Number of protein chains: 2
Amino acid sequence: MKQPLHTVRALADEIRMRAWKALEPGELCLCELIELLDRSPATVSKHLSLLRQAGLIEYRKEGRWHYYGRAKYAGASARMLGALDRMLDGDDAVRADKKHLNRIQRKSREELCQCYRKK
Amino acid sequence: MKQPLHTVRALADEIRMRAWKALEPGELCLCELIELLDRSPATVSKHLSLLRQAGLIEYRKEGRWHYYGRAKYAGASARMLGALDRMLDGDDAVRADKKHLNRIQRKSREELCQCYRKK
DNA sequence: ATAATACTTCGACAATTAACGAAGTAACGA
DNA sequence: TCGTTACTTCGTTAATTGTCGAAGTATTAT
């Protein structure tokens, strides 16, 4: 039961499912995900660490920035996750996130990460 | 986000994932699932009602017995659930359940459903 | 050095969920 | 009709999970 359950549980949360889907085209910096998901840095960080524990995403540090991206999947996992991607393509929230992410990525680094200075 | 999340959440529990997998070959009576999953009737019934709300299983009544079986899936859902089935095939707990279920199904109706008389 | 930035981890609290006994319902049997 | 059986729903309790502020860490800037 271990691995499939672990994988499914990791995706069984709105924030984590949206984050995972947002990483389909490529890696993102945490600050972009914070802005996209509209949660505190601590919360987003914790969700991503959960996805990481499940082996669904990886991350690399580049100076101060932490980039998260999908892991490589194989076998039945890959097929399951691929099918889930297709299920999510039609979803309203996912499409809203896509638009939102486009706007976010047009911003500069200075405009982003405002979340740390906001108060 | 609605449907895919609903589906994934329904499966994000050990008992429900085992129940769902146990229904792959065909429908089962609740008392068989109670014996298999080793939980109280109330607990098993509630888990199955959750799977039903997610559209993953259906049930029909035949006299006093309630038979649960998988729903028909289509499109990306079908592919996702099919891949999940393959992921689960290798799992130890799933294989133990298969053996256990074989033994359970050799029992008569009178031997089964002892769970209601046990105390 | 010192200060700021971009995060993560910790600790606390609130909300959600799993579990089951007890009470309720529907079907069958005497 | 009255009891029994097979189950569901309800109500409570315990455990888990989501959330975020505060404190901690690593990296860059001055």
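Scope of the values below: all heavy atoms of this structure, side chains included, with no hydrogens, waters or symmetry mates. This structure is a prediction, so every number in the text was calculated from the model and none was measured. First the proteins, then the strands, lettered A, B, ... as listed; each starts at 1.
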**Prompt:** Would you say the side chain of A:E58 lies within less than 4.5 Å of the side chain of A:R52, judging by non-hydrogen atoms?
**Reply:** no
**Message:** Are the side chains of A:R39 and A:I34 in contact, using a 4.5 Å heavy-atom criterion?
**Reply:** no
**Message:** Please classify the nucleic acid contact of B:R52 as base, sugar-phosphate, or nothing, using heavy-atom distances under 4.0 Å.
**Reply:**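 B:R52: no heavy atom of the nucleic acid under 4.0 Å.
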**Asked** Contact class for B:K46 (heavy atom, under 4.0 Å): base, sugar-phosphate, or nothing?
**Response**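 Contact class for B:K46: base.
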What is the distance, to the nearest angstrom, from the [atom1] atom on [X] to the [atom2] atom on [N]?
| X | N | atom1 | atom2 | result |
| --- | --- | --- | --- | --- |
| B:R16 | D:dT16 | CZ | C1' | 13 Å |
| B:L28 | D:dA6 | CG | C1' | 16 Å |
| B:D13 | D:dT16 | CG | C1' | 12 Å |
| A:L37 | D:dC20 | CG | C1' | 15 Å |

**Item:** Any A:H47 side-chain N or O less than 4.0 Å from OP1/OP2 of D:dG18
**Value:** no
**Prompt:** So which nucleotide from C:dA18, D:dC20, C:dA6 ends up closest to the side chain of A:W65?
**Reply:**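 Looking only at heavy atoms from C-beta outward on A:W65, the closest nucleotide is C:dA6.
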**Request:** For A:R64 and for A:A42, locate the closest nucleotide of DNA chain C by heavy-atom distance; then report the residue assigned to the nucleotide nearer the 5' terminus.
**Result:** A:R64
**Prompt:** Do the side chain of B:T7 and the main chain of B:Q3 share a donor and acceptor less than 3.5 angstrom apart?
**Reply:**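 Here the side-chain-to-backbone pair exists.
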